[in-house]
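First up is the structure itself, then whatever we jot down about it.
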Amino acid sequence: MAELLAPAGNIESLDAAIGEGADAVYLGLKSFNARLRTSNFAWNQFEGAVNSLHRMGKKIYVTVNTVCEERETERLYRFLSYLNNIGPDGLIVQDFGIIRMCQEFFPNLELHASTQMNVENAAGVNLLSKEGFKRVVLARELGLEEIKDIKAHTNAELEVFVHGALCVSESGLCLFSSFLGGKSANRGMCTQACRRFYTAEVPGGIEQGYYFSPSDLQLIDKIPDLIEAGVESFKIEGRMKSAEYVGSVVAAYRYVMDHYQESKKEAVAAAKRMLATDFARSKTSYWYNFKSSSDGVDNAGEQILNPNQAGGTGIYLGKIEGTKAAPESLEKSVREAAPADASYEQQSVQLARLGGGNYDPDPGDSIRLHKKDDTGRVSHKIRYLETDDRGGRWIDIPGGFNNGDSVYLLQTKSMSKRYPRVLPKDLSRFNKQPKDERLPILDLTPVEKQELSYFPEGLYIQVSSVQDVFIVQSAHPVRIIIELNSETARELLEGSTVLPVSKKQIIISLDPFLPSGIESRQIEMIDALIEKGFASFIANNVGQVNILKGKKVSVIAGPYLYSFNRWAVSWLENQGLGAFVSPYENSRRNLEATFEENVRSRVLVPVFAYPALFRMRFKLPSSYDFTFFNDKENTCFKVNSTDDGSFVMPETPFSIVDKVEFLMGSGFKRILLDFSKTKVKKAEFKQVYSALIKRQPLQGTSRFNWKDGFYSVSPEEYKQMTLNAKERAESYSAKKTKSQGAKNNARKNTPPSGKRNGARTYGKKR
């Protein structure tokens, strides 16, 4: 029987999930997980949960599903060692470095590939299966027929999302939040910028809407089909949702799984009635109604996007029309109930009067508050109601919200249940924590003579059309990278255009999203290109790594095979990849730390690009008659809708062309000008190339994360934030204050002097 897997963002959700019949839960701890904004579990709570669930015959999986920088690898090693000591039933992982560490040090830890790993084809599933993965969480942008096809060609367990919030971007490929401020979705810091309110330039004027805020996934009526397809686990999204939400959704899916064989129609109808209390966004079955990839590309946008649908969830209760201090007794109870590391909003409270909605919330109801400038969203359960002399109703809300902020209803009190507690009352005997262990040094494989003959020093230029090759070849790059898309595939295979350079100077870059529906077609295209003499490829998907194995070609790891640490690089080396394109999100500090001077000849560094901020596996709806749109800060973006899907890019490119001299001097002698997803204009190309030659900064460009790196919070800063939050909460009724934004004071993790403990480890050894 298939497994029902539920989210446990906190202790109450854990109780609700198990109380309603979930077979397993997944949760995160305080780091290395993709939901850092939820409460997550303390060490003793997690250990107690593992102990209790195993006694109950239930399973527990831990999310370790973020990419890791080189300076964090020792802390990651200690964390994995701790998990190995506790013994959860599986780790849901994204970073290839975790695979490599577990193979080397913790072979007993069961690995599940996160949806963030971007696996949507049988080739990718089979590669991971050979590398020791028991289960793969498939990308959410797949249809039933594609899932059936993957299952028919692999022995690995498959897990699919069946309910909850969707990312509009293809899984694991979103750079939007990271580009806007370093808060990377690949690091659990996503600010959900896609759900914001935008202004678009349309013929005849402007229009506004929530253009990229997707509907929520609901596959309750597809469960019988997925069971028959052989899917092993059904996953409910919602680690940031309330316990009431988790309980009601688990109950509905449990009912269908238990009763569909008696009467599919009646079981689904009963479950849908249970889900009627899910006041989230409108629902979509996303890709499940399309029989072919082209059908989905053409029509899925209409199924998932609605510009009139706010980025928020729930029934609209109105806007805050007034605030005042909460009673001192309520403030005290809130502070005492908040965990030690709670956010400012969790530790402070005020009273608010709402206006403009059609429902008056009561104590016990769960609400969600949205700041009018889209800078914050918080879920909250109402505990207090006060009526003034004029009949005005005042409810408690978290601190930090003000007049004009919107409020939505998530759950009513009548939906709340009391569940048996999973955790034991006394957690004193659960006291294991990560130890102060040293990670053995890992040396990447030294470069052998003539090993990188296909990867010479010099300038590389990437384009998305054959016509653009004629423009950029004037700069005499050592290699031109051509993106393989519907247009270039046709021209390259038909040979309708004679290229101005030798095929030996061409590298074919494969798209990072390779769904099952086009997997066989891409394999045929790759074979045909090899037959025509193309011998170098950039792989951006684990499936492509497997497809290219055994073929007489040179394979480079692309920027979407995230090589943020040397352990990830080492795993990719073990797959036969010896050259690497640095990820667009990378920083100078991390690039240098990952690749020491003796192996920097393996790296191609992007110094100019219009990075795809997010990618959608569908064309935009026909009503989206625009190319350019702006956010509230008047930052401009552009969207390109094609036969291969839609791509949102910044109007402001990323550029460090003025840093090339430094890069060359540091040993990074392969640099990339990336014009993919754009049409190269001679004037712009001349300007960029001139700035590169003169080593001058380009005006009106972004450094992305090159200088400041990812937005991160150091342990010391995290502790100080906690103390500050408590102080603010205690003084809130006397003086309103604003929470201080955390500064990125992450320090470079320099190894201590002297010899480190443990054996030295080399790149291609396990």
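Only a predicted model underlies this, so the values are computations on that prediction, with no experimental measurement involved. In what follows, residues are counted from 1 in the order of the sequence shown.
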Atom CD1 in Ile367, atom OG in Ser242: separation rounded to 0.5 Å?
11.5 Å
Point-to-point distance, once rounded to the nearest 0.5 Å, from CZ of Arg75 to CD of Glu69
10.5 Å
Would you say the ring centroid of Phe564 lies under 6.0 angstrom from that of Phe96?
no
Looking only at the aromatic ring of each residue, does the gap between the centers of Tyr77 and Phe105 stay below 6.0 angstrom?
yes
Answer with yes or no whether the side chains of Ser52 and Arg421 bring together a donor and an acceptor at under 3.5 Å.
no
In sequence, state the C-alpha distance, the side-chain angles, and the governing distance for Val64 and Asp95, and then conclude on side-chain contact (heavy atoms from CB on, under 4.5 Å).
CA-CA 8 Å; Val64 196; Asp95 197 303; over 6 Å; no
Mind checking whether Tyr253 and His163 have parallel, tilted or perpendicular rings, split at 30° and 60°?
perpendicular
With side chains defined as the heavy atoms from C-beta onward, is the minimum distance between Ser184 and Tyr711 less than 4.5 Å?
no
Here the pair of heavy atoms bringing Glu120 nearest to Ala139 is OE1-CB, 3.8 Å
Carboxylate-amine/guanidinium proximity below 4.0 Å for Glu72 and Arg187:
yes
Measure the OG-CE distance between Ser379 and Met240 for me, rounded to the nearest 0.5 Å.
7.0 Å
Between Phe133 and His112, is the gap from one ring center to the other below 6.0 Å?
no
As a test of understanding, state which of Asn51, Leu29, Leu423 forms a side chain to side chain contact (heavy atoms under 4.5 Å, CB included) with Phe46.
Leu29
Using a strict cut-off of less than 4.0 Å between a Lys/Arg side-chain nitrogen and an Asp/Glu carboxylate oxygen, indicate whether Lys59 and Glu3 qualify as a salt bridge.
no
Is it the case that the side chains of Ser570 and Arg100 hold a donor-acceptor pair, with the cut-off being a distance below 3.5 Å and no angle test?
yes
Does Arg78 pair with Glu437 as a salt bridge, N-O distance under 4.0 Å?
no
For Arg254, is there an ion pair with Asp23 - N to carboxylate O distance below 4.0 angstrom?
yes
Charged N-O contact under 4.0 Å between Glu328 and Lys332:
no
Between Lys151 and Glu232, is there a side-chain N and carboxylate O pair less than 4.0 Å apart?
yes
Using 4.0 Å as the upper bound for N to carboxylate O, is an ion pair formed by Lys371 and Asp405?
no
